[in-house]
Amino acid sequence: MARRLLPLALAFLLGLSLAQDGKALYGTHCASCHGAEGQGIPGAIPPLAGNPRVQDEAYVVKAVREGLSGPLEVGGVTYNGVMPPLPQVSEAEARAIAQYLKGLGGAPAQAAPAPQVQGDPALGRALYLGQKALKNGGAPCQACHTVAGVGFFGGGALGKDLTDAAKRLGGEVGLAALLENPAFPVMREAYKGKPLTKEEATALAAFLVQVSQEAPRPSSLYLGRFLVAGLVVLALLLLYQAVLWQLRPRSLAERIRAQLRR
């Protein structure tokens, strides 16, 4: 009898261990957006507690490691944001998270009312451009990203354009959550030990929401780049002309004048 119960006991302990690991992993990688209890954010980020999709382990593992985009309906509410992939989470860790989510079960957790973030878009713009330094020493967003019509020289090309980030990533609430706890590997590494403060995250989120709501306008991005490129080309041409002038064969009159100066 004891021999028959031993495998069951081991399986139970293994499942308990996975659930505990999954809870810790969920807290590290998922809770900042989906909530500590999987309640989500109304209209911005779908709930996981009571969500029938989380009973499909393969679906959860794929969503964690490869990301997911809407439209997605949960509990009669349609969500149309983008969940970024988390390749830094191993398949075994993703399975542990899936096991934890299965245990949430039951009816969806009572979602708190969507928080009114209402950050300062003017402060967010200054932080984005680097006109105001981030408190913990992180690089300004413009070092890696572009936003249409913002910044004379456009910005970096390492990250995606952020003009429509508010529409893709859950509006002001979703953006603020992602900025406080980045899910993107490159951004997570760039701000490791230099996290954005809550005020900075909400201000940047408000700025990006404002940008997404503005009517299309001519971008200074290309104007600035064309101007710089034109100045560089002009300088190179002038340098080339100066070198040619110095290397040209001297005329007889020039050679005579050179001899007389000696």
Side-chain angles (χ1 to χ4, degrees), residues 28-30 32-33 45 63-70 80-90 94 119-214 216-233:
T28 300
H29 299 289
C30 314
S32 63
C33 293
I45 298 173
V64 170
R65 290 179 51 76
E66 299 180 17
L68 188 66
S69 60
N80 201 26
V82 175
M83 173 183 165
L86 301 175
Q88 71 271 25
V89 178
S90 70
D120 180 358
L123 172 60
R125 182 187 178 94
L127 292 169
Y128 170 84
L129 293 171
Q131 295 170 346
K132 181 175 177 59
L134 294 169
K135 182 177 180 180
N136 292 319
C141 308
Q142 195 182 30
C144 297
H145 298 277
T146 57
V147 169
V150 178
F152 187 74
F153 295 108
L158 180 62
K160 292 188 67 172
D161 180 84
L162 299 179
T163 306
D164 64 344
K167 297 176 182 177
R168 293 187 289 109
L169 300 172
E172 189 173 2
V173 174
L175 278 170
L178 281 170
L179 288 167
E180 280 194 83
N181 186 15
F184 305 100
V186 175
M187 184 178 176
R188 183 189 291 271
E189 190 62 29
Y191 289 89
K192 188 175 182 179
K194 303 174 183 178
L196 299 177
T197 65
K198 187 175 186 64
E199 181 187 17
E200 290 168 343
T202 55
L204 284 165
F207 162 67
L208 292 173
V209 168
Q210 184 183 73
V211 167
S212 71
Q213 293 173 344
E214 290 176 348
R217 56 185 176 174
S219 171
S220 61
L221 171 62
Y222 300 109
L223 176 61
R225 288 182 176 176
F226 280 136
L227 179 59
V228 171
L231 291 173
V232 170
V233 171

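Since the model is a prediction, treat every value here as computed from it, not as a measurement.
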Rounded at 0.5 Å granularity, tell me how far [atom1] in [X] sits from [atom2] in [Y].
X      : Y      : atom1 : atom2 : value
Thr146 : Leu158 : OG1   : CG    : 11.5 Å
Leu123 : Gln131 : CG    : CD    : 11.0 Å
Leu127 : Phe207 : CG    : CZ    : 10.0 Å
Cys141 : Leu196 : SG    : CG    : 7.0 Å
Met83  : Leu68  : CE    : CG    : 7.0 Å
Leu208 : Tyr128 : CG    : OH    : 8.0 Å

Contacts of Gln88 meeting side-chain contact (heavy atoms from CB on, under 4.5 Å) (sequence neighbours excluded), chain-then-number -> His29, Leu86, Pro185, Arg188

Across all chains, not counting sequence neighbours, the side-chain contact (heavy atoms from CB on, under 4.5 Å) partners of Ala201 are Leu179, Glu180

Checklist line | Taking every non-hydrogen atom, the tightest pair across Leu129 and Val150 | finding: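 Closest pair (atom of Leu129, atom of Val150, distance): CD2-CG1, 3.8 Å.
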
Among all residues two or more places apart in sequence or in another chain, which pass the side-chain hydrogen bond (donor to acceptor under 3.5 Å, both in side chains) test with [X]?
X      : answer
Ser212 : none
Asp164 : Arg168
Thr28  : none

